[in-house]
Protein chains: 2
Amino acid sequence: MMETTTKSKRVERKEEIRKKILDVAKDLFLKHGYESVSIRKIADKVGISPTTIYLYYQDKSDVIYALHQEGFKALAIQFAALKNVEDPFERLKAMGRNYIDFSLRNPDFYQLMFMIKDPIEFVERNCASEWEEGEEAFGAMLATVADCKEHGYFGKLDLHSIALHIWFVVHGICSLKLQGHLDHVVKSHIQEGKDAYALDDAFETLITIMKGIK
Amino acid sequence: MMETTTKSKRVERKEEIRKKILDVAKDLFLKHGYESVSIRKIADKVGISPTTIYLYYQDKSDVIYALHQEGFKALAIQFAALKNVEDPFERLKAMGRNYIDFSLRNPDFYQLMFMIKDPIEFVERNCASEWEEGEEAFGAMLATVADCKEHGYFGKLDLHSIALHIWFVVHGICSLKLQGHLDHVVKSHIQEGKDAYALDDAFETLITIMKGIK
DNA sequence: CAAATATAATTAACAGTGTTAATATTTTAA
DNA sequence: TTAAAATATTAACACTGTTAATTATATTTG
């Protein structure tokens, strides 16, 4: 017997390789985008055979889902930094800004997290509708909106309706920006010089409207 | 000389085949989704060799772009039916409803039009930033928002800011619904029974907020 | 320690994908 | 009818995810 630790060395090594595969996938993903993540390229970079990956992940979508989770962890860190903002409406504003900034700084992650079908389908198939990471993020927002309501914001509107609404706006901004649709429309229909400010304008408009709800 | 018509028979036949390719692509697309549209499958169904398609479309993304345009034409028809709604705010509401309904009835088209990178990249590369179809749709909305403003809606907010904002919300609703994110969040965080109404609730909230702007 | 067993990794192969170059066929013009 | 132009095809390249069968490597047992 050699299992003095909770994990035997074999299991340990297995987890190491599993992590290495994910790290290489993440590296490829961030450097060359979603489309460039292929089983064969990952295997090459790790130094193993393509089929070996299937001993550690059941699927390609399983690898993609693991990346998806990494993204949610990174977003959670962004949100966690806001716990000490006292004024609830300022905290809500900061959350929105952080969300948008995250999408701009990690466009590939954002697309994977909110704009691509594969990972969420993987959740539906394999995770029995738990999925802590996503619920946590939305929960944090719900709490802040509730806090705002207690301070007199948002009138008689329902808590969940407000929270969802803000998410819709912010996701709308991010997703249309990332796909180039926003720039396209702004370039065609709105005065010159506003190009770069479209995003800030959009956020300002949201804040103005939300603050004005009686 | 036989070119009594503006188009010679050769050009006519060429356009016929070009259209046939597009029709088959559309059929495959609507029946089996975006991922199932492959050059080889289209060629099989048309009854030509895969490489022949490259004599009519420069690329696969060219075919996809043609589908993308079909989608915008369909949406334009939905919007055109609203010209005779007199009250501007009611017209704006109807536009929003039509937009959402379109996304639900033609989820694949909607994804192609607003959630997938390929077609808009094709526009950027090949169309010298004109692209009438998209500008027309947004223009129709801009006009309606302007009309609303003249009737006292939306306070001092900028015309373009309001129009963009509404688009963000509505697109946020549609895209998160289509990817399954909305259902996922609603199922986890919101009371039972609201499942099916999440979309209507979202739209109602938008209307309430927009109407309340002073 | 050696043999038997369980685990891990590999090669070969299947069925796809977009796309290009070279070749063959058909249609048009002289 | 023959030369030229347009159209279509076959063969091939370099990829993709994935599975079955096989080999190599550890681990456990006799």
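Here is the naming used below: chain letters follow the sequence lines, and residue numbers restart at 1 for every chain. These values consider heavy atoms only, across backbone and side chains, with no hydrogens, waters or symmetry-generated copies.
Residue B/Val169 is tested with A/Val169, A/Ile166, A/Leu206 for a side-chain contact (heavy atoms from CB on, under 4.5 Å); the sole match is A/Val169. Just one residue in the list B/Asn106, B/Asp108, B/Leu75 forms a side-chain contact (heavy atoms from CB on, under 4.5 Å) with B/Met113, and that residue is B/Leu75.
Judged by distance alone, the side chain of A/Gln179 and the main-chain N or O of B/Met115 form a donor-acceptor pair under 3.5 Å. Of the possible polar contacts, none joining the A/Lys187 side chain to the A/Leu182 backbone as a donor-acceptor pair under 3.5 Å is found. Judged by distance alone, with hydrogens and angles left aside, the side-chain atoms of A/Ser161 form no donor-acceptor pair with the main-chain N or O of A/Leu157 at under 3.5 Å. Side chain of B/Asp62 to backbone of B/Gln58: a donor-acceptor contact under 3.5 angstrom is found.
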Base-pair map of DNA chain D as dot-bracket, where | denotes pairing with a different strand and pairs are Watson-Crick or G-U under 3.5 Å: ||||||||||||||||||||||||||||||

Between protein and nucleotides 20-24 of chain D, what N or O pairs are separated by less than 3.5 Å?
none

Would you list the protein and nucleotides 14-17 of chain D atom pairs, both N or O, that sit under 3.5 Å from each other?
unit_1	atom_1	unit_2	atom_2	d
D/dT16	OP1	A/Ser38	OG	2.8
D/dG17	OP1	A/Ile39	N	3.0
D/dG17	OP1	A/Lys60	NZ	3.2
D/dG17	OP2	A/Ile39	N	3.1
D/dG17	N7	A/Arg40	NH1	2.3
D/dG17	O6	A/Arg40	NH2	2.9

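With sequence neighbours excluded, no residue forms a side-chain hydrogen bond (donor to acceptor under 3.5 Å, both in side chains) with B/Glu121. Applying the side-chain hydrogen bond (donor to acceptor under 3.5 Å, both in side chains) criterion to A/Thr51, with sequence neighbours excluded, gives A/Ser49. A/Arg97 is linked by a side-chain hydrogen bond (donor to acceptor under 3.5 Å, both in side chains) to A/Asp200, counting only residues two or more places apart in sequence or in another chain. The side-chain hydrogen bond (donor to acceptor under 3.5 Å, both in side chains) search around A/His171 returns A/Tyr110, B/Ser175, not counting sequence neighbours. Under the rule for a side-chain contact (heavy atoms from CB on, under 4.5 Å), the partners of B/Ala43 that lie at least two apart in sequence or sit in another chain are B/Ile48, B/Pro50, B/Ile53.
Within residues 16-25 of chain B, no residue has any heavy atom under 4.0 Å from DNA chain C. Of the residues in residues 26-33 of chain B, none has a non-hydrogen atom less than 4.0 angstrom from any atom of DNA chain D.
Contacts classified as side chain to side chain donor-acceptor pair (under 3.5 Å) and involving residues 17-32 of chain B (residues at least two apart or in different chains) are given here: B/Lys19-B/Asp23, B/Lys26-B/Glu70, B/Asp27-B/Lys31, B/Asp27-B/Lys45. Residue pairs meeting the ring pair (Phe, Tyr, Trp, His ring centres under 6.0 Å) criterion with at least one partner in residues 45-71 of chain A, sequence neighbours excluded, are A/Tyr65-A/His68, A/Tyr65-A/Phe122, A/His68-A/Phe72, A/His68-A/Trp131.
Residues A/Phe114 and A/Tyr99 bring their aromatic ring centres within 6.0 Å.
At the phosphate of C/dA9, neither OP1 nor OP2 sits under 4.0 Å from any side-chain N or O atom of A/Ser49.
Between A/Glu35 atom CD and C/dG18 atom P the separation is 14 Å, expressed in whole Å.
The B/Tyr56 side chain lies nearest to D/dA8 when the options are D/dA8, D/dT27, D/dT9.
A donor atom on one side chain and an acceptor atom on the other are not found under 3.5 Å apart for B/Asp101 and B/Gln78.
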